[in-house]
Amino acid sequence: QVQLVESGGGLVQAGGSLRLSCAASGRTFSSLTMGWFRQAPGKEREFVAAISMSGSSKIHAASVKGRFTISRDNAKNTVYLQMNSLKPEDTAVYYCAASSVPLGLSPKYEYWGQGTQVTVSS
């Protein structure tokens with residue numbers, strides 16, 4: 001079993017930055033593909049970014065490309081989401097997720113955190 005705990009959410013003005021963190025435990029972190037998802041009120045959950053087990057490969061959704069960056073520190077069992085140039089439409093609950101399937105095989109995420117709220121004011 002994998003436990004995931006997100007932190008770093010909050011209220012920020014448009015154009016500002018936040019860095020989300022997700023600490024993992026319960027399994028060798030470097031054997032997990034990690035992802036970030038978000039869900040805005042009244043909308044379905046959407047993919048934001050993912051990173052391979054080694055950190056060498058990354059995918060970002062078109063809506064955040066160039067503004068958000070996913071990274072990981074396998075020594076600290078932590079994945080990050082650096083969010084710059086935030087927009088009001090980025091307001092959502094952000095979830096960390098983990099999969100035992102490599103990034104290149106289109107993983108379905110088996111493990112999920114509780115989420116952290118990000119609110120961007122205009």
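Nothing here was measured: the structure is a model prediction, and the numbers come from that model. When a residue number appears, it is its place in the shown sequence, counting from 1.
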Quiz item: If you look at every heavy atom in Pro107 and Pro102, which pair is closest and at what distance?
Solution: CD-O, 3.5 Å

When the side chains of residues 3-12 are checked against the rest of the protein, which donor-acceptor pairs come out under 3.5 Å, sequence neighbours left out?
from : atom 1 : to     : atom 2 : distance (Å)
Gln3 : OE1    : Ser25  : OG     : 3.4
Glu6 : OE1    : Gln114 : N      : 3.1
Glu6 : OE1    : Gly115 : N      : 2.9
Glu6 : OE2    : Cys96  : N      : 2.8
Glu6 : OE2    : Gly115 : N      : 3.2

Quiz prompt | Where at least one partner belongs to residues 61-71, residue pairs that pass side-chain hydrogen bond (donor to acceptor under 3.5 Å, both in side chains), sequence neighbours excluded | solution = Arg67-Asp90

Practice problem: Can you tell me which residue pairs pass the ring-ring contact (aromatic ring centres under 6.0 Å, His included) test with a partner in residues 57-96, sequence neighbours excluded? | Solution: none

Quiz item: Mind checking whether Phe29 and Lys76 have side chains closer than 4.5 Å, heavy atoms only?
Solution: no

Self-check item: Worked check of side-chain contact (heavy atoms from CB on, under 4.5 Å) between Gln117 and Thr91
Solution: CA-CA 8 Å; Gln117 176 71 46; Thr91 295; 4.0 Å; yes

Quiz item: Of all residues at least two apart in sequence or in a different chain, which pass the ring-ring contact (aromatic ring centres under 6.0 Å, His included) check with Tyr109?
Solution: Phe37

Exercise. Find out if a path of hydrophobic residues (ILVMFWY) with successive side-chain heavy-atom gaps under 4.5 Å connects Ile70 to Met83.
Key: yes

Quiz item: In the single-linkage hydrophobic clustering (I, L, V, M, F, W, Y; side-chain heavy atoms under 4.5 Å), do Leu103 and Leu32 co-cluster?
Solution: no

Quiz prompt | ILVMFWY cluster, Met34 and Tyr111 together (side-chain gap under 4.5 Å) | solution = yes

When the side chains of residues 39-51 are checked against the rest of the protein, which donor-acceptor pairs come out under 3.5 Å, sequence neighbours left out?
from  : atom 1 : to    : atom 2 : distance (Å)
Gln39 : NE2    : Lys43 : O      : 3.1
Glu46 : OE2    : Arg38 : NE     : 2.5
Glu46 : OE2    : Arg38 : NH2    : 3.1

Quiz prompt | From CE (Met53) to OG (Ser31), nearest 0.5 Å | solution = 6.0 Å

Quiz item: What are the two closest heavy atoms between Ser54 and Arg72, and how far apart are they?
Solution: C-CD, 4.5 Å

Quiz prompt | Main-chain N/O of Gly26 paired to Asn77 side chain as donor or acceptor, under 3.5 Å | solution = no

Quiz item: Is there a side-chain contact between Thr33 and Val101 (heavy atoms, below 4.5 Å)?
Solution: no

Side chains of residues 13-23: which donor-acceptor pairs under 3.5 Å do they make with residues two or more places apart or in other chains?
from  : atom 1 : to    : atom 2 : distance (Å)
Ser17 : OG     : Asn84 : OD1    : 2.9

